[in-house]
Trainee: 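Could you have a look at this structure, given as structure tokens, before my questions?
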Amino acid sequence: MAKIKGICNNFDEGCQFCLDRTVQEKEKTEPFECKGCGKSLFLKNGDDSRDGDGINGKLIAIIAGILIVLGVGGFFFIGNKNEPEPQKTEQPQPVAVSGITIDKTSLSFD
């Protein structure tokens, strides 16, 4: 006959099966109770992989990867806003030269 798996969650009374997280197998015809304390077991589905592995771990890794790519792309797209502003250079002072007259519209030599 098919067996079902369960885990004891009787932390209050300090059940050793609960503290060790021991997976207990029971026949479907047997009472679904802990061997140590007699309290009801919680149904354990799936394989014996740890919690956090599987789709939740993969989903977190995918979201973290997307956020990293967006962050790096945004930094390069927006650029570094802390660049110093260009310094203003002084315009050279006009030099007086004898014999040359400069008007706004024309240039003449004496």
Trainee: What heavy-atom pair brings K5 and F32 nearest, and what distance separates the two atoms?
Mentor: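 Heavy atoms of K5 and F32 come nearest at O-CZ, 3.5 Å.
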Trainee: What pair of heavy atoms forms the shortest contact from G14 to L19, and how long is it?
Mentor: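 In this case the closest contact between G14 and L19 is O-CD1, 3.8 Å.
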Trainee: Quick check: closest heavy atoms across C8 and C15, and the distance to 0.1 Å?
Mentor: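 Minimum heavy-atom separation between C8 and C15: SG-SG, 3.9 Å.
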Trainee: If you look at every heavy atom in Q24 and E33, which pair is closest and at what distance?
Mentor: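 Answer, listing the atom of Q24 first, then E33: OE1-O, 4.0 Å.
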Trainee: Calculate, to the nearest 0.5 Å, the distance between atoms CZ and SG belonging to F42 and C34 respectively.
Mentor: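 Nearest 0.5 Å value for the CZ-SG distance: 12.0 Å.
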Trainee: Okay, side chain of E13, backbone of N10: is any donor-acceptor separation there less than 3.5 Å?
Mentor: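 Checking the backbone N and O of N10 against the side chain of E13, no donor-acceptor pair under 3.5 Å is found.
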Trainee: Does K26 form a side-chain contact (heavy atoms from CB on, under 4.5 Å) with K35? I'd like the steps, not just the answer.
Mentor: CA-CA 10 Å; K26 300 280 187 167; K35 295 176 191 174; 4.0 Å; yes
Trainee: Nearest 0.5 Å please: distance from the CD1 atom of I63 over to the CG atom of L67.
Mentor: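 Going from CD1 on I63 over to CG on L67, the span is 7.5 Å.
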Trainee: If you round to the nearest 0.5 Å, how far is OG1 of T22 from CG of L41?
Mentor: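 One finds 10.5 Å between CG of L41 and OG1 of T22.
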Trainee: Could you tell me whether K39 atom NZ has more than 12 heavy atoms of other residues or ligands within 6.0 Å of it?
Mentor: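 Count not over threshold, so no.
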Trainee: Would you give the length of the straight line joining atom NZ of K44 to atom CD1 of I4, rounded to the nearest 0.5 angstrom?
Mentor: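 These two atoms lie 13.5 Å from each other.
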Trainee: Evaluate side-chain contact (heavy atoms from CB on, under 4.5 Å) for I7 paired with N9, printing each intermediate quantity in order.
Mentor: CA-CA 6 Å; I7 298 175; N9 275 354; 4.2 Å; yes
